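Predicted, not measured: the structure shown is a model, and the values here were computed from it. Remember, it's 1-based here, ligands and their atoms both numbered in the order they're listed.
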Amino acid sequence: MERVSVPVPGRPYEVVVGAGVLDRIGELLPDLPGAEVAFVVTDPAVADRVPALASGLEPRRLRAVPLPVPAGEEAKTLDVYRAVVQQLAAREAHRDDLVVALGGGAVGDLAGFAASTYMRGMPLAQVPTTLTGQVDAAIGGKTAVNLPEGKNLVGTFHQPRLVLADVETLATLPERHLRSGLAEVAKVALTLDPELLERLERDPVPVVARDPEALTWVVARCAAAKARVVAGDEREAGPRMVLNYGHTLGHAIERLEAYAGRTHGEAVAVGMEFAARLAVAHGLAAADLVGRTRRLLASLGLDPDGALPSVGAIEQALRLDKKFRGVVRFVLLAGVGRPVVVDDVPMTRVREVLLEMGAPP
Ligand SMILES: NC(=O)c1ccc[n+]([C@@H]2O[C@H](COP(=O)([O-])OP(=O)(O)OC[C@H]3O[C@@H](n4cnc5c(N)ncnc54)[C@H](O)[C@@H]3O)[C@@H](O)[C@H]2O)c1
Ligand SMILES: [Zn+2]
């Protein structure tokens with residue numbers, strides 16, 4: 001079991017990572033004065049984990065009440081949000097009770113939003129069951145639901161009291177979702193954790209094969225990296241931008257594919273290949289960054305190649321990015337572990353790199 005502290009100002013919390021830690025939630029939760037019920041917002045894919053969680057909560061005299069929601073992204077709507085808070089009201093939840101998010105990043109975002117708004121805020125525990133959730137979404141306190149107009153447009157910052165990442169839950173995760181999470185792992189390794197990078201380069205096999213010990217180590221390293229960044233920038237004013245490495249192009253691709261093509265991680269993998277090439281073209285990084293990035297992604301089962309939308313379409317999508325302020329800002333690497341935010345990359349260079357990657361004009 002690994003414990004990582006997230007030292008946000010005011011109320012620091014822990015990320016606990018390990019195999020089979022789910023039923024230890026009772027001993028790991030901090031003091032919750034007045035809490036009687038734990039409302040467990042649950043993705044159907046992991047509903048069979050509710051009993052373990054419930055028995056873990058028993059010693060704390062917390063009664064577990066499951067609140068099932070639709071699987072994955074379908075849960076992140078205002079309608080589902082309304083259903084959840086109405087359930088809380090119907091069951092007379094009070095503000096000292098606990099909300100537990102049991103599921104992937106989608107359930108985490110939805111349950112977090114409900115917990116942060118019902119009665120102006122209830123305590124929240126994140127129990128992420130996807131790799132993306134464990135290394136990224138559950139840590140940092142961002143919550144959101146989607147609108148038809150765009151993703152994550154309505155949300156809050158609401159830090160959890162505990163993040164409990166049981167790597168055993170990842171055993172049932174579909175391969176494609178595992179790989180999507182591995183893209184975020186690669187992102188952390190390239191931008192923030194050279195030791196993690198070296199370990200993955202030395203031997204990626206146990207991680208890809210979901211060896212619980214390897215996953216525990218990797219998830220804990222990623223959690224620690226995110227914790228460091230988040231603690232220094234709780235509300236995403238600056239340093240947290242580093243976590244967007246590969247995401248500027250990644251988001252553009254996802255949007256252009258109407259969220260029905262590549263997964264988030266697959267799009268981010270392409271984005272990291274692009275960022276590496278751009279850093280070299282911009283004179284920031286040495287040429288071997290591209291090869292190193294490609295080898296890492298390939299070893300994790302990610303394909304940075306594949307058909308790209310047209311350069312024109314990508315350029316337009318980049319301009320629609322919510323971080324667009326007249327220029328496109330990119331997180332680039334001056335070398336592994338040395339991220340910098342640049343806003344002086346001329347569009348012509350962006351186009352050149354996209355053409356070099358095989359995007360049609
Ligand atoms: N708040 C943040 O900081 C943050 C960061 C990154 C991503 N996100 C959000 O997270 C979401 C993506 O999260 P995700 O990749 O975890 O996807 P997800 O929550 O949509 O889950 C992916 C799929 O896996 C299933 N699933 C979950 N756990 C499982 C398990 N253990 N075994 C088998 N199936 C399982 C789900 O039912 C779903 O179909 C997006 O909505 C994204 O916006 C938020
Ligand atoms: Zn991401």
Side-chain angles (χ1 to χ4, degrees), residues 6 22 41-50 52 68-77 80 101-113 115-116 124 126-147 150-160 163 165-188 191 210 215 222-223 226-227 229-230 233-236 240-251 253-255 259 262-272 322 331:
V6 187
L22 212 66
V41 181
T42 309
D43 183 297
V46 289
D48 61 336
R49 303 287 175 163
V50 174
V69 293
E73 203 67 21
E74 298 284 299
K76 281 179 60 172
T77 66
V80 176
L102 178 66
V107 162
D109 277 6
L110 166 81
F113 184 53
S116 77
L124 168 72
Q126 289 279 6
V127 183
T129 63
T130 62
L131 187 58
T132 302
Q134 297 188 352
V135 300
D136 190 359
I139 310 160
K142 283 209 279 177
T143 83
V145 294
N146 304 325
L147 295 181
K151 275 191 55 135
N152 298 327
L153 288 182
V154 181
T156 56
F157 285 96
H158 189 61
Q159 299 291 347
V163 179
D166 188 338
V167 296
E168 254 176 25
T169 62
L170 303 180
T172 52
L173 194 64
E175 195 60 37
R176 214 165 158 215
H177 288 296
L178 182 81
R179 280 202 300 273
S180 196
L182 286 171
E184 305 289 355
V185 171
K187 173 193 80 178
V188 172
T191 54
R210 312 186 198 200
L215 282 175
C222 291
K226 181 149 186 189
V229 173
V230 164
D233 185 15
E234 200 186 345
R235 301 238 158 194
E236 209 164 39
R240 208 162 157 164
M241 241 200 102
V242 169
L243 300 170
N244 276 318
Y245 185 64
H247 281 58
T248 308
L249 181 65
H251 282 148
I253 291 174
E254 280 187 279
R255 261 203 311 277
Y259 300 96
R262 272 164 272 229
T263 63
H264 175 69
E266 287 164 349
V268 169
V270 178
M272 289 190 285
K322 62 179 181 231
V331 181

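- Between the side chain of His247 and the main chain of Tyr245, a donor-acceptor pair closer than 3.5 Å is present.
- Residue Asp136 approaches ligand 1 through these ligand atoms, each under 4.0 Å from one of its heavy atoms: 5 (C), 6 (C).
- Annotation for ligand 1: atoms under 4.0 Å from non-hydrogen atoms of Lys226 are 3 (O).
- The nearest protein atom to atom 20 (O) of ligand 1, hydrogens excluded, is given as Gly72 CA, 3.2 Å; this is a heavy-atom distance.
- Annotation for ligand 1: atoms under 4.0 Å from non-hydrogen atoms of Asn152 are 43 (O).
- Here the side chain of Asn146 pairs no donor or acceptor atom with the backbone of Thr77 at under 3.5 angstrom.
- With a 4.0 Å heavy-atom cut-off, ligand 1 is reached by the side chain of His177 but not by its N, CA, C or O.
- Among all protein heavy atoms, the one lying closest to atom 41 (O) of ligand 1 is Glu73 OE1, 2.7 Å.
- Which of Ala144, Ala137, Gly181 comes nearest to atom 4 (C) of ligand 1 through a heavy atom is settled by distance: it is Ala137.
- Listed by atom number, the atoms of ligand 1 under 4.0 Å from Thr132 heavy atoms are 15 (O), 16 (O).
- Of all non-hydrogen atoms in Val69 and Val107, the two that sit nearest each other are CG2-CG2, 3.9 Å.
- Gly104 and Thr129 get closest at one heavy-atom pair: N-OG1, 3.6 Å.
- The shortest non-hydrogen separation linking Val135 to Glu184 is CG2-CB, 4.0 Å.
- Nearest protein neighbour of atom 9 (C) of ligand 1, counting heavy atoms only, is Asp109 OD2, 3.4 Å.
- Under 4.0 Å from ligand 1, the heavy atoms of Lys151 that appear belong solely to its side chain.
- Taking atom 34 (N) of ligand 1 as the reference point, the nearest protein heavy-atom neighbour is Ala45 CB, 3.5 Å.
- Rounded to 10°, the angle that NE2 of His247 and OE2 of Glu184 form at the Zn ion (ligand 2) is 120°.
- Scanning the protein for heavy atoms near atom 43 (O) of ligand 1, the closest one is Lys76 NZ, 3.0 Å.
- Those atoms of ligand 1 with a heavy atom of Val46 less than 4.0 angstrom away are 28 (N), 29 (C), 30 (C), 31 (N).
- Residue-level proximity to ligand 1 for Thr172 is carried by backbone and side chain together, each with a heavy atom below 4.0 angstrom.
- Side-chain atoms of Asp109 never come within 3.5 Å of backbone atoms of Val145 as a donor-acceptor pair (strictly under, hydrogens ignored).
- Contact annotation: for Glu184 versus ligand 1, there are no heavy atoms closer than 4.0 Å.
- The main-chain N or O of Leu22 is found under 3.5 Å from a side-chain atom of Asp166 such that the two form a donor-acceptor pair.
- A donor-acceptor pair under 3.5 Å is formed between the side chain of Gln159 and the backbone N or O of Gly140.
- Nearest heavy-atom pair, Ser180 versus Gly265, reported as atom, atom and distance to 0.1 Å: OG-N, 2.8 Å.
- Distances below 4.0 Å separate heavy atoms of Ala71 from the following atoms of ligand 1: 37 (O).
- Looking at atom 27 (C) of ligand 1, its nearest protein heavy atom turns out to be Thr130 CG2, 3.3 Å.
- The side chain to side chain contact (heavy atoms under 4.5 Å, CB included) test with Gln134 singles out one residue from Val127, Thr169, Leu215, Val185, and that residue is Thr169.
- No N or O atom of Gly103 sits closer than 3.5 Å to an N or O atom of ligand 1.
- Contact annotation: for Ile139 versus ligand 1, there are no heavy atoms closer than 4.0 Å.
- Under a 4.0 Å criterion applied to the non-hydrogen atoms of Pro174, ligand 1 contributes the atoms 33 (C), 34 (N).
- A salt bridge links Lys187 to Asp136: one of the charged nitrogens lies within less than 4.0 Å of a carboxylate oxygen.
- With a heavy-atom cut-off of 4.0 Å, Thr129 touches ligand 1 through backbone and side chain alike.
- Nearest heavy-atom pair across Gly181 and Leu131 is C-CD2, 3.6 Å.
- Looking at ligand 1, you won't find any N or O of Arg240 less than 3.5 Å from one of its N or O atoms.
- Residue contacts with ligand 1, taken as heavy atom pairs separated by less than 4.0 Å, do not involve Leu170 at all.
- In terms of N/O distances under 3.5 Å, ligand 1 is approached by Gly105.
- Considering only non-hydrogen protein atoms, atom 19 (O) of ligand 1 sits nearest to Ala106 N, 2.9 Å.
- The contact set between ligand 1 and Asp43, taken as ligand atoms under 4.0 Å from a residue heavy atom, comprises 36 (C), 37 (O).
- Residue Thr143 has no N or O atom closer than 3.5 Å to an N or O atom of ligand 1.
- When atom types are taken as modelled, the side chain of Arg262 and the backbone of Ala269 share no donor-acceptor pair closer than 3.5 angstrom.
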